[in-house]
Enquirer: 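After the structure tokens below, expect a handful of questions from me.
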Amino acid sequence: MRVLYLLNISNPGRLAADSGFTFADLLAPALADAGAEVTVAAPAAVGDARIGFEPTVSPATKYRARFDPGLDGLVDLVRRTRPEVVVANQIEAAPVDRLRATVSNQPRTEPSVL
């Protein structure tokens, strides 16, 4: 299973203080242990070498993080990684599942955003 983990890091200068990064650094390797091919799209890579990394830019403001997810970049990312499942670190990224289904021509038969 191909998993795309969308991670918005709000504290890039202090990753140990960023709860989203800490969770991704724990969950992504566990998914790989279970046999998933995991790619994390974030401003910083997680610590496990088995995890693919797609660099992204941290939003300049909280407003941009909530209302400007950079859809053009997400379309390109989904086309490159072709995920079957998307892990959305923030609920604002949940619509990427519709994008995933549209880009890949895969019907949405069950929820695939975690």
Enquirer: Using the side-chain contact (heavy atoms from CB on, under 4.5 Å) criterion, which residues pair with A42? Sequence neighbours excluded.
Expert: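 So A42 forms a side-chain contact (heavy atoms from CB on, under 4.5 Å) with L7, I9, V40.
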Enquirer: Look up atom CG in D33 and atom CG in L27, then write down how far apart they are to the nearest 0.5 Å.
Expert: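 D33 CG to L27 CG: 10.5 Å, rounded to 0.5 Å.
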Enquirer: Out of the candidates V86, D76, T39, only one should pair with T81 under the side-chain contact (heavy atoms from CB on, under 4.5 Å) rule; please name it.
Expert: T39
Enquirer: Hydrophobic clustering (ILVMFWY, side-chain heavy atoms < 4.5 Å, transitive) - are F23 and I51 grouped together?
Expert: yes
Enquirer: Please find the pair of heavy atoms, one from A32 and one from V38, that lie closest to each other, and give the distance.
Expert: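 The answer is N-CG2, 4.0 Å.
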Enquirer: Measure from the side-chain N and O atoms of D25 to the backbone N and O of G47, and report whether any donor-acceptor pair falls under 3.5 Å.
Expert: yes
Enquirer: What's the verdict on side chain to side chain contact (heavy atoms under 4.5 Å, CB included) for F53 and V46, showing C-alpha distance, side-chain angles and the deciding distance?
Expert: CA-CA 8 Å; F53 175 59; V46 296; over 6 Å; no
Enquirer: Just to verify, which of V85, L77, V87 counts as forming a side-chain contact (heavy atoms from CB on, under 4.5 Å) with L4?
Expert: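 When side-chain contact (heavy atoms from CB on, under 4.5 Å) is applied between L4 and each of V85, L77, V87, only L77 qualifies.
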Enquirer: Counting distance only, does the side-chain N/O of E37 pair as donor-acceptor with the main-chain N or O of R2 below 3.5 Å?
Expert: no
Enquirer: What pair of heavy atoms forms the shortest contact from P29 to D48, and how long is it?
Expert: CB-OD2, 3.4 Å
